[in-house]
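Reviewing the structure listed below.
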Amino acid sequence: MPATLAKSASLFLVLVVALMGMAQAADTGFAVHMAIVALAALTAALWVMKGATLTGSADPDESRYDDDPVRWGVIATTFWGVVGLLAGLYIALQLAWPALNLGLEYTSFGRLRPLHTSAVIFAFGGNALICTSFFVVQRTCRARLAFPSMARFVFWGYQLFIVLAATGYVMGITEGREYAEPEWYVDLWLTIVWVAYLLVFGGTIIKRREPHIYVANWFYLGFIITVAMLHIVNNLSLPVSWAGSKSYSAFAGVQDALTQWWYGHNAVGFFLTAGFLAMMYYFVPKQAERPVYSYRLSIIHFWSLIFLYIWAGPHHLHYTALPDWAQSLGMVFSVMLWMPSWGGMINGLMTLNGAWEKIRTDPIIRMMVLALAFYGMSTFEGPMMSIKSVNSLSHYTDWTIGHVHSGALGWNGMITFACMYYLAPRLWNRQRLYSLRLINWHFWLATAGIVFYTASMWVAGLTQGLMWREYGADGYLVNSFAETIAAIHPMFILRAFGGLLYLSGALIFAWNIAMTIAGRLRVEAPMTEPPYNPAADRPLPAPARPVGALQPAE
């Protein structure tokens, strides 16, 4: 009971501070955000008090895994995935038909584009990472989550961060930094949540009953620690007012650009690569029912990836004011990244040794294999695009957009979908997923969507790059910007069509997960074929004719 009172008092204190911030707000956006914080604090306080009257101060059952935050995470991942993809489709349609901006600032491409990227990366991907890490660390350490109350704070605090960030983008509250758009007070809140996340995950490892720390936990831990460092340094800023939303970066000029892309590329490297590789190293062997192909290779993969990735950011700044030696450093380390990345891909694919037939009969394995294939392709294309001569053609074009989405949709999206399909029946104690055959529909729609999306952007990017560098005999550019846009307009339509296919697959995924949680089972033929029966090839005896039936003519 004292702990409950302390929590309630803390939440009411947050409520009071938020109301004071709302009253003293220097701008409307800050006032709206303080109102959201106040509402969240009031809801949480009432929930804590309600929980105290219902459950008292019962101790947690240490004999069972703490899977409540994992279940909530699966639901949140599913919800935010659909929201993020829907926003992505809408802005893709806006690029093809600008009238869909509707003439409103809140529905403009500039407001919704960061909403889409943050929803897909941090809401969809971030919730997947948090819930799978909580699931994996308990099983591989044979220990219940450390600090269960803090684990719940991590989940709900992260949802509050998502809501604050998303509403801020729509209102125009942004730092204008790629993958680091939220303003200073939202960044501070995320820092608190992230430190709590590290304490829960690290505390569970410390209290483990299994002496060995499985490699997936190394990847999760590397992702959590490095993202914390990246987030804090890149978001060092000074607010204009403590009751306002605007702030200015602590860095300026080329130092600011280098800091941003040190963060930006490593957000890809540690948030979207290391964390999802942790998912791969646990869920692929579990679904395939095979051990990891080479545990030694997985350790080499981890340490080489961790060391090399942190130096690759400057390749985003080729042909800029950044010193040439720094640009070359980023390029060299980016090319070197190809080797450990493919080592991880090979390790994942070779885990299926002795179980390749599962690709034909298990749609979840099929998704995992496709994800690994896209991981390999993206981690080959990225180093290639970092080479200066290639970058001079690809940079600032839609080729980069195609590259990013082949990795995000193919690698991050497909491995996440597969892991959610694995988790749902186990977390809710169901016999199986609602429908395995719907996963087939999801797989093929998503695959076709990725192909349409990336192929159209590759063509658009090469077209842009070649048109932009075409000079006439007089030394002037031949093509105007408008002519370039007109040339690639059909590619914008194809991209939107690919996005529609991918979103359709995600909607099937959401329906499948929802029905599984509800305990429904779709009546359908099994995915596996029955074993061969030689007797089935023998001619069947003629059926007996009923008495009085007409006899065939002799």
Side-chain angles (χ1 to χ4, degrees), residues 80-81 83-85 87-88 91 109-130 158 161-170 172-191 193-194 197 222-237 247 249-251 255-276 309-317 330 334 337 378-379 382 385-386 395-396 398 400-409 411-413 416:
W80 290 119
V83 170
L85 293 171
I91 61 175
F109 183 89
R111 296 284 177 90
L112 296 183
R113 190 263 177 181
L115 176 68
H116 160 63
T117 54
S118 290
V120 172
I121 296 172
F122 297 112
F124 175 61
N127 274 295
L129 289 168
I130 290 172
Y158 196 73
F161 156 72
I162 293 168
V163 172
L164 291 175
T167 52
Y169 302 150
V170 174
I173 299 175
T174 171
E175 289 186 346
R177 304 172 75 85
E178 188 74 7
Y179 311 131
E181 303 270 359
E183 271 290 0
W184 63 274
Y185 54 97
V186 183
D187 288 333
L188 284 175
W189 176 249
L190 178 59
T191 303
V193 172
W194 209 257
Y197 181 25
F223 135 71
I224 296 169
I225 293 173
T226 310
V227 166
M229 175 184 69
L230 297 167
H231 171 75
I232 291 171
V233 175
N234 188 55
N235 288 290
L236 290 174
S237 58
S247 67
S249 173
F251 307 100
Q255 291 87 357
D256 189 43
L258 180 58
T259 304
Q260 159 58 31
W261 284 111
W262 169 77
Y263 164 89
H265 191 77
N266 287 296
V268 174
F270 289 87
F271 200 97
L272 296 176
T273 302
F276 286 85
Y309 235 122
I310 207 76
W311 300 91
H315 77 234
H316 287 265
L317 298 169
S334 299
L337 266 172
S378 297
T379 52
M385 294 173 71
S386 74
H395 205 37
Y396 305 120
D398 284 336
T400 303
I401 308 303
H403 164 64
V404 169
H405 282 79
S406 69
L409 301 178
W411 160 236
N412 300 112
T416 299

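The chain is numbered in sequence order, starting from 1.
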- Query: Would you say Tyr185 and Ile173 make side-chain contact, with heavy atoms under 4.5 Å?
  - Reply: yes
- Message: Classify the ring geometry of Tyr158 against Phe161: parallel below 30°, tilted from 30° to 60°, perpendicular beyond 60°.
- Response: tilted
- Show the numbers, then the answer: is there a side chain to side chain contact (heavy atoms under 4.5 Å, CB included) between Ile310 and Trp262? CA-CA 7 Å; Ile310 207 76; Trp262 169 77; 3.9 Å; yes
- Message: Run Met229 and Asn266 through side chain to side chain contact (heavy atoms under 4.5 Å, CB included) and show every step you take.
- Response: CA-CA 10 Å; Met229 175 184 69; Asn266 287 296; over 6 Å; no
- Contact check, side chains of Pro314 and Leu258, non-hydrogen atoms, under 4.5 Å: yes
- Query: side chain to side chain contact (heavy atoms under 4.5 Å, CB included) between Ile121 and Tyr179: does it pass, once the steps are laid out?
  - Reply: CA-CA 9 Å; Ile121 296 172; Tyr179 311 131; 3.6 Å; yes
- Pairing of Glu181 and Arg111 as salt bridge, 4.0 angstrom limit: no
- Heavy-atom nearest pair, Glu175 first then Ala180, reads OE1-O, 3.5 Å
- Query: Can you name the closest pair of heavy atoms from Ile91 and Gly88 and give their distance?
  - Reply: CG1-O, 3.3 Å
- Inter-residue atom distance Leu85.CG - Trp80.CH2, 0.5 Å rounding: 13.0 Å
- Query: CG/Leu230 to OG1/Thr259 distance, rounded to the nearest 0.5 angstrom?
  - Reply: 11.0 Å
- The reported gap from CG in Asp187 to OG in Ser237 (rounded to nearest 0.5 angstrom) is 6.5 Å
- Message: Let me confirm one number: the CD1-CZ distance from Ile224 to Phe270, rounded to the nearest 0.5 Å.
- Response: 13.0 Å
- Report the distance from atom CD1 of Ile162 to atom OG1 of Thr167, rounding to the nearest 0.5 Å. 11.5 Å
- Item | Stepwise ring-ring contact (aromatic ring centres under 6.0 Å, His included) test for Phe271 and Phe223 | CA-CA 6 Å; Phe271 200 97; Phe223 135 71; 5.6 Å; yes
- Would you check, one step at a time, whether the test side chain to side chain contact (heavy atoms under 4.5 Å, CB included) holds for Val227 with Tyr197? CA-CA 12 Å; Val227 166; Tyr197 181 25; over 6 Å; no
- Between Gly222 and Thr226, what is the shortest heavy-atom contact and its length? O-OG1, 2.7 Å
- Query: Do Arg177 and Asn234 touch side chain to side chain, with heavy atoms closer than 4.5 Å?
  - Reply: yes
- Item | Smallest separation among heavy atoms of Ala312 and Leu337, with atom names | CB-CD1, 4.0 Å
- Query: Under 3.5 Å, is there a donor-acceptor pair linking the side chains of Tyr169 and Ser118?
  - Reply: yes
- Query: Under the 3.5 angstrom rule, does the side chain of His116 hit a backbone N or O of Gly84 as a donor-acceptor pair?
  - Reply: yes
- Task: Locate the shortest heavy-atom distance separating Trp184 from Ser247; write the atom from each residue and the value.
- Result: CD1-CB, 3.6 Å
- Message: side-chain hydrogen bond (donor to acceptor under 3.5 Å, both in side chains) for Asp256 and Ser249? Distances and angles first, verdict last.
- Response: CA-CA 8 Å; Asp256 189 43; Ser249 173; 3.2 Å; yes
- Leu188 side chain near Asn235 side chain, heavy-atom distance below 4.5 Å: no
- Message: Is it true that His231 and Thr191 share a donor-acceptor pair across their side chains at a distance under 3.5 Å?
- Response: yes
- Task: May I ask you to decide if the ring planes of His315 and His265 are parallel, tilted or perpendicular, using 30° and 60° as cut-offs?
- Result: perpendicular
- Message: Are there over 12 heavy-atom neighbours, none belonging to Trp311, within less than 6.0 Å of that residue's CH2?
- Response: no
- Message: What's the separation between atom NE2 in His316 and atom CD in Glu178, rounded to the nearest 0.5 Å?
- Response: 9.0 Å
- Could you pull out the closest heavy-atom pair between Phe251 and Val233, with the gap in Å? CE1-O, 3.4 Å
